[in-house]
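To keep things clear, I will list the structure first and then write my remarks on it.
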Amino acid sequence: MTESTERVLDVRPIPPREKHPTIFTTFEALEPGEHFVLVNDHDPKPLRYQFQYEHEGEFGWEYLETGPVVWRVKISRSSESTSCCSA
Amino acid sequence: MLLSLSSGALPETDIEGLIEACEHRGFVALELREGDGHGVAPEATGDMAGSLTSLGILAGTNLRVAGYEIDGPGDATSDVRLRGLAAIGGALDTMLVVGARSSAEIAHRISMAARLRAMGVDAGIVVRGETAVEEAGTVHTAGFPFVWEVDASWEPVGQRAQALLPAYAAAMRYVRLLGAGPESELHTGSGIGQLFGLLAQGRFGRPVVLAPSTPAYRSAWERWLGRRTWGCGGASGAGLPVSGSRTPLRSTGCCG
């Protein structure tokens, strides 16, 4: 869109019930090998557990900043799919 | 995106207080509005002498200035005012924004921006409301960048974003989002998540400026930004909420 080379999703202003759906929609729009940077005001550990449950083996999780005010996590879509239905 | 704060959230706070508020929430840019308490104001002499203290403090931080919104037209056509405004644009190295507060008429806002540009100033125009997409098209055709002001307290933010961003995002310098922050819990369903998702997917790297939807929420914003403590007047601020999603808008009532 403008002036950025990577996707940054800052969820701090997003109402609670919209946060996780927005994050997963953004993740699902990624092509294999792509990533976005999630910005939050606390450690999004519960989100990581949800990713592990719903997208096991399909995502990467790397902390770029760990507080105390802002947490930044690079969430990537794995290059190699682990789909159960591949040949 | 660069999450940012408008001085309109703390209109009586000086520049140091605004900087502290940004640090408190991890914001990376400030939008300054003419007439707020930050101490940067146009001067008839155009030399910025009265604003030097605030400019110096601001320069000592890593904060960016998203833009400087000029107030109502006043005597906007006078050379004296234009000279003062041009000096601000140069001193802050930022865009002067002709706000919708200045005039409801988009043609008038464009005319004001054109006069500022003729003074060598980077000038943009606020578009907002139900006609935001149409206004963005008009402003874009006129060759100016714009600021999109969208109000989560009453607008279908997601729908507006879907209509505006694909066509005009490249000309959009920043978004001014009203009604987020400590108000966000009140406005669920407004599509703030959809807006931020679209901005992320479009790799939007410019500011998203948060501001109150109305002055009625001023005290909630002051608390959210660490300018006021909760409850019983304790000085430590230890009870301050760390997430807007958990921020009540009324007193916590512990003294009842």
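Letters A, B, ... mirror the listed sequences (proteins, then strands); counts begin at 1.
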Closest approach of A:R7 and B:R203, non-hydrogen atoms and distance?
NH1-NH2, 3.1 Å
Sub-4.5 Å side-chain heavy-atom contact between B:L210 and A:P13
yes
Quick check on the interface: out of A:V69, A:L30, A:V70, who has the most heavy-atom pairs with chain B under 4.5 Å?
A:V69
What are the two closest non-hydrogen atoms of A:V8 and B:M1, and how far apart are they?
O-CE, 3.1 Å
Nearest heavy-atom pair of A:P15 and B:I192: which atoms, and what distance?
CD-CB, 3.7 Å
Minimum heavy-atom distance A:T26-B:Q201, with the two atoms named
CA-NE2, 4.0 Å
More than 12 heavy atoms of other residues, nucleotides or ligands under 6.0 Å from CD of B:E130: yes or no?
no
Give the minimum heavy-atom separation between B:R25 and A:D41, together with the two atoms involved.
NH1-OD2, 4.2 Å
Should we count NE2 of B:H140 as having more than 12 external heavy atoms under 6.0 Å?
no
Pick whichever of A:T25, A:I23, A:T22, A:V39 has the most heavy-atom pairs under 4.5 Å with chain B.
A:T22
Verdict with reasoning, B:F196 to A:V11, per side chain to side chain contact (heavy atoms under 4.5 Å, CB included)
CA-CA 8 Å; B:F196 277 70; A:V11 298; over 6 Å; no
Is it true that atom CD of A:E54 has more than 12 heavy atoms of other residues, nucleotides or ligands lying nearer than 6.0 Å?
yes
